[in-house]
Amino acid sequence: MSIVNRIKPIIADVISRQYNQTVTAADLTINSTKPEFTGDYTLVLFAFVKSLKKSPEQLGQEIGDSLLKAEPALFASYNVIKGFLNLVIADQFWLDFLNTGYDNQDFGKKPADGRKKMVEYSSPNTNKPLHLGHLRNNFLGWSVAEIMKTNGHTVYKTCISNDRGIHICKSMVAWLRYANGATPASTGSKGDHFVGDYYVMFGNVMKKEIAALIESGLSKEDAEKQAPIMKEAQQMLVDWESGDEAVNNLWKTMNAWVYSGFEITYKRIGSDFDKTYYESQTYLLGKKAVEDGLAKNVFYKKEDGSVWIDLTADGLDEKVVQRKDGTAVYITQDIGLAEQREQEFGCEQTFYVVADEQNYHFKVLKLIAEKLGIPGASGITHMSYGMVELPTGRMKTREGTVVDADDMIEEMVNVARQKTEELGKVKDFSEAELKELYDIIALGALKFFLLRVDPKKRMIFNPEESIDFHGFTGPFIQFIHARIKSILRKEAPVKSADAGSGLLPAEKSLIIKLEQYPTVVEQAATEYNPSLLAIYCYELAKAYSSFYTEHSVLTAESAEKKQLRLRLSQLTGIVIAKGMALLGIKVPERM
RNA sequence: GGUCCCGUAGUUCAAUGGAUAGAAUAGAAGUUUCCUAAACUUUAGAUGCAAGUUCGAUUCUUGCCGGGACUACCA
């Protein structure tokens with residue numbers, strides 16, 4: 001149990017008895033003591049001033065005295081400043097914590113609780129390569145899943161591949177028209193990029209065709225409807241749905257190209273899935289949901305045959321759930337898929353890692369699922385995250401302002417190589433070792449950059465300035481880990497010896513930070529927010545860095561101090577490695 | 001028009017209603033005979049505007065200004 005959770009009931013009990021009031025642990029506000037004051041944790045007293053009818057200063061003195069009396073082994077001293085009771089935890093508590101757990105590889109890990117969760121993330125379209133926005137999605141989804149696993153849950157990672165529809169037909173049409181049979185192999189390009197180029201080409205050609213039609217006298221609206229290439233794509237979608245063999249073969253071929261490209265990227269960034277669903281296989285599931293909804297009078301049919309749901313009572317709109325031609329719309333497919341997955345996995349909660357532009361969509365989705373009485377409907381959770389933008393605004397495929405994922409990674413690797421060569425600290429590394437190190441640093445920098453920000457918030461990526469390996473970055477934390485490993489290679493802590501008596505400030509700050517790790521993991525899991533863990537890892541590394549500069553480990557003042565610092569180093573190394581692993585970031589032995 | 005989100009140092013990000021609003025980076029000044037200087041230390045710099053609730057507001061409420069998303073028989 002964490003120290004904060006341990007002292008809370010003690011304090012609540014002391015207050016309750018002393019003032020004859022019912023105060024529970026949940027009523028207490030306990031913060032880390034600000035560095036400019038003396039203390040480890042601070043109780044905020046203002047909340048009790050009114051009900052107990054005493055001044056904050058007096059309250060603080062009385063509670064502080066009682067705590068020292070009640071738990072002399074736990075509280076060393078206290079001081080009261082304004083409405084804050086600053087508590088100093090006894091050194092012996094911190095030393096016991098360190099000496100019993102300094103080599104615990106499972107620190108922060110909870111036992112399995114049998115609760116099942118699903119995280120659906122990544123979910124790409126198979127008509128273009130992944131970009132920076134997809135990377136945020138992939139890193140967030142993967143990390144949240146791993147954090148929840150460490151928090152004791154059983155987690156399934158899934159992916160829905162948006163592999164059919166008009167957007168897929170667009171790249172197919174362009175390929176048919178202009179490729180002359182070219183393939184990724186014949187052009188030496190990566191499959192997803194190859195197909196993506198034709199998707200872009202489609203847009204360019206359509207723009208020209210529309211312009212020509214407008215020139216010949218058509219209105220903009222009509223021109224957009226009548227552009228020949230668009231009509232071809234629409235016809236192709238109809239053909240695809242009717243099972244046309246040629247179209248289906250082309251579709252299979254081009255999707256296979258894209259998947260071969262995705263596989264390379266996924267492997268490199270570490271994304272993995274327990275199950276991948278394909279829209280081409282699930283898009284008909286919505287039909288059953290529609291019948292169901294009509295039978296339950298949740299949906300209603302208009303004269304033209306289209307099916308709707310009225311959500312105005314819930315503050316939303318009327319939404320169409322099936323077109324008049326009987327085909328399913330996107331949201332209905334989602335309902336069908338949700339139902340199927342519930343039957344397959346039976347998770348109490350399903351996280352959809354999808355950008356916040358779809359907030360409305362998921363509000364509607366959950367409402368419909370609930371009204372239909374689909375099991376697990378209440379567990380539908382939109383893990384909404386903000387989009388990644390450039391300093392110039394939103395990334396747009398058509399305007400070529402998209403930051404490609406593969407290019408991005410490559411550039412980070414180049415910077416990692418350049419910096420590493422400049423520093424010249426790993427000249428004895430083999431080619432393979434260097435390559436691995438560059439990847440670790442490059443992806444560490446990229447993942448940390450995207451994960452350190454609160455997922456809910458939009459973030460700006462500046463290509464010129466965002467690639468940094470100094471300060472609040474992944475490579476800084478990796479560097480601290482390498483330093484720790486360098487010490488531990490020379491000498492590791494000894495199991496038997498008991499270490500330390502008093503704690504110096506830098507030692508204590510570090511140990512307090514270490515003790516918080518399980519609490520941070522738990523919080524990151526319940527709030528599904530990896531940035532809490534990223535910030536924590538940085539603060540821990542920073543605390544170690546200051547400690548390292550101020551005190552020598554291997555040539556400590558005494559054998560006892562050396563043992564203490566070796567243990568501090570070892571536990572810090574473990575927590576950094578474990579914490580970063582939950583973000584999908586590896587840490588090197590040397591760098 | 002309607003619904004929702006966001007405005008914090010030059011820049012990118014923090015801050016369960018609590019102490020003098022924290023970091024990083026860019027700026028200024030230092031630190032290496034000593035476990036890896038991708039480091040450490042010091043310094044300067046910010047809550048869009050106006051009211052309200054509160055002992056206390058970056059946080060809650062309202063208005064204004066500025067930015068964004070959604071509001072398709074698209075996915």
Side-chain angles (χ1 to χ4, degrees), chain A residues 29-31 33-37 42 44-47 49-50 56 81-84 86 125 162 164-168 279 283 302 304-308 315-317 319-331 333-334 355-361 363 384 386-387 389 391 393-394 416 419-420 422-423 425-426 441 445 449 452-454 456-462 465-466 468-480 482-491 523 527 531-532 535 538-539 541-542 545-556 565-566 569 590-591:
Chain A
T29 301
I30 292 182
N31 300 328
T33 303
K34 298 222 165 204
E36 57 267 38
F37 302 101
T42 296
V44 182
L45 299 162
F46 297 107
V49 171
K50 255 185 195 165
I81 296 171
K82 294 198 223 169
F84 301 91
N86 300 321
N125 291 337
N162 300 114
R164 53 138 256 138
I166 190 72
H167 54 298
I168 307 299
E279 192 196 330
Y283 79 107
K302 287 194 177 175
D304 64 2
S306 57
V307 182
W308 296 71
L316 305 176
D317 307 303
K319 299 293 295 182
V320 69
V321 293
Q322 181 171 289
R323 301 188 188 96
K324 64 184 171 199
D325 63 4
T327 56
V329 296
Y330 184 63
I331 197 150
Q333 300 172 29
D334 270 5
D356 61 8
E357 60 183 351
Q358 294 200 37
N359 285 353
Y360 183 77
H361 172 84
K363 238 186 238 174
S384 172
M387 312 248 263
E389 292 177 13
R394 218 171 143 170
K419 298 260 179 199
T420 304
E422 273 172 25
L423 292 167
K425 290 192 271 193
V426 288
I441 294 172
F449 181 83
R452 67 180 205 184
V453 180
D454 184 338
K456 289 188 289 297
K457 297 194 176 170
R458 268 188 292 166
M459 64 185 296
I460 294 179
F461 180 84
N462 184 333
E465 294 171 13
S466 297
D468 196 350
F469 292 177
H470 301 271
F472 186 19
T473 66
F476 168 78
I477 301 167
Q478 291 172 324
F479 169 67
I480 300 305
R483 265 185 163 176
I484 290 170
K485 281 311 178 88
S486 174
I487 291 174
L488 294 176
R489 271 194 299 275
K490 294 186 175 80
E491 188 167 347
Q523 199 187 350
E527 295 177 22
S531 76
L532 299 174
I535 292 166
Y538 171 71
E539 287 174 347
K542 181 93 179 154
S545 196
S546 297
F547 155 81
Y548 175 97
T549 307
E550 197 173 336
H551 304 294
S552 178
V553 176
L554 295 177
T555 54
R565 290 178 190 163
L566 282 171
S569 300
R590 292 175 55 195
M591 71 183 275

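The chains referred to below are lettered A, B, ... by the order of the sequence lines, with proteins before strands, and numbering in each begins at 1. All heavy atoms count here, side chains included; hydrogens, waters and symmetry mates do not.
- Using a 4.5 Å cut-off on side-chain heavy atoms (C-beta onward), Lys319(A) and Ile331(A) make no contact.
- Remark: P of G7(B) and CE of Met459(A) are 15 Å apart, rounded to the nearest angstrom.
- One interatomic measurement links the two molecules: CG of Asp454(A) to C1' of G7(B), which rounds to 16 Å at whole-angstrom precision.
- An OP1 or OP2 oxygen of A14(B) is reached within less than 4.0 angstrom by a side-chain nitrogen or oxygen of Lys457(A).
- Taking atom P on both nucleotides, G56(B) is separated from A39(B) by 43 Å, rounded to a whole Å.
- When Watson-Crick and G-U wobble pairs are counted only if both distances are under 3.5 Å, C4(B) pairs with G68(B).
- With P as the reference atom, U47(B) and G7(B) are 15 Å apart, rounded to whole Å.
- Nucleotides C74(B) and C5(B) place their C1' atoms 23 Å apart, quoted to the nearest Å.
- Side chain of Ser569(A) to main chain of Arg565(A): a donor-acceptor pair is present (N/O by atom type, distance under 3.5 Å, no hydrogens or angles).
- The partner of G22(B) is C13(B), judged by Watson-Crick or G-U wobble contacts that both fall below 3.5 Å.
- Lys456(A) comes within contact range of no nucleotide atom at all, as no heavy-atom separation falls under 4.0 Å.
- The nucleotide C35(B) finds no pairing partner, because no Watson-Crick or G-U wobble arrangement with both distances shorter than 3.5 Å includes it.
- A straight line from NZ of Lys363(A) to C1' of C4(B) spans 6 Å, rounded to a whole angstrom.
- For the C1' atom pair drawn from U32(B) and U36(B), the interatomic distance equals 12 Å after rounding to whole Å.
- For Ser306(A) (side chain) and Lys302(A) (main-chain N/O), no donor-acceptor pair under 3.5 Å exists by modelled atom type.
- Remark: Arg452(A) fails to qualify as a cation-pi partner of Tyr538(A) under the 6.0 Å distance and 45° angle criteria applied to the six-membered ring.
- Using a 4.0 Å heavy-atom cutoff across all strands shown, Asp334(A) reaches no nucleic acid atom at all.
- Minimum interatomic distance between Tyr548(A) and Ile487(A) (heavy atoms only, all atoms of both residues): CE1-CD1, 3.7 Å.
- Between Phe479(A) and Phe469(A), the distance separating the two ring centers is not shorter than 6.0 angstrom.
- Taking atom C1' in both C64(B) and C40(B), the straight-line distance is 47 Å, to the nearest Å.
- Sparse packing is recorded around NZ of Lys324(A), with 12 or fewer heavy atoms of other residues, nucleotides or ligands lying under 6.0 Å away.
- When atom types are taken as modelled, the side chain of Thr549(A) and the backbone of Ser545(A) share a donor-acceptor pair closer than 3.5 angstrom.
- Leu532(A) has its CG atom 17 Å from the P atom of C13(B), to the nearest Å.
- The C1' atoms of G68(B) and G48(B) are separated by 16 Å, rounded to the nearest whole Å.
- Taking atom CD of Gln523(A) as the reference point, atom C1' of A14(B) lies 13 Å away to the nearest angstrom.
- Across all strands shown, G30(B) forms a Watson-Crick or G-U wobble pair, both distances under 3.5 Å, with C40(B).
- Regarding contacts with the backbone of C40(B), a side-chain N or O of Ser545(A) is found under 4.0 angstrom from either OP1 or OP2.
- Judged purely by atom type and a 3.5 angstrom limit, Asp468(A) uses its side chain to pair as donor or acceptor with the backbone of His470(A).
- For Phe476(A) against Gly471(A), the heavy-atom pair with the smallest separation is CB-O, 3.1 Å.
- Computed from coordinates, the Phe449(A) CZ to C13(B) P distance equals 7 Å when rounded to whole Å.
- Atom CZ in Phe46(A) sits roughly 11 Å away from atom P in G18(B) (whole-Å rounding).
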- Query: When every nucleotide of nucleotides 22-38 of chain B is labelled 5' to 3' by its protein contacts under 4.0 Å (heavy atoms), B for base, S for sugar-phosphate only, - for none, what sequence of letters results?
  - Reply: -SSS---------BBSB
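- Taking atom C1' in both A26(B) and C13(B), the straight-line distance is 15 Å, to the nearest Å.
- Straight-line distance from the CG atom of Asn359(A) to the C1' atom of C4(B): 8 Å, rounded to whole Å.
- Comment: Asp454(A) engages Lys456(A) in a salt bridge, judged by a side-chain N to carboxylate O separation of less than 4.0 angstrom.
- For the P atoms, the distance from C60(B) to G18(B) is 11 Å, rounded to whole Å.
- Pairing of G63(B), defined by two Watson-Crick or G-U wobble distances under 3.5 Å, is identified with C49(B).
- When each of Phe37(A) and Ser531(A) is assigned the nucleotide of RNA chain B with its nearest heavy atom, Ser531(A) is the one assigned upstream, toward the 5' end.
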- Any chance you could list the contact pattern along nucleotides 66-75 of chain B? Use B for base contacts, S for sugar-phosphate-only contacts and - for none, protein heavy atoms under 4.0 Å, 5' to 3'. -BSSSS-BSB
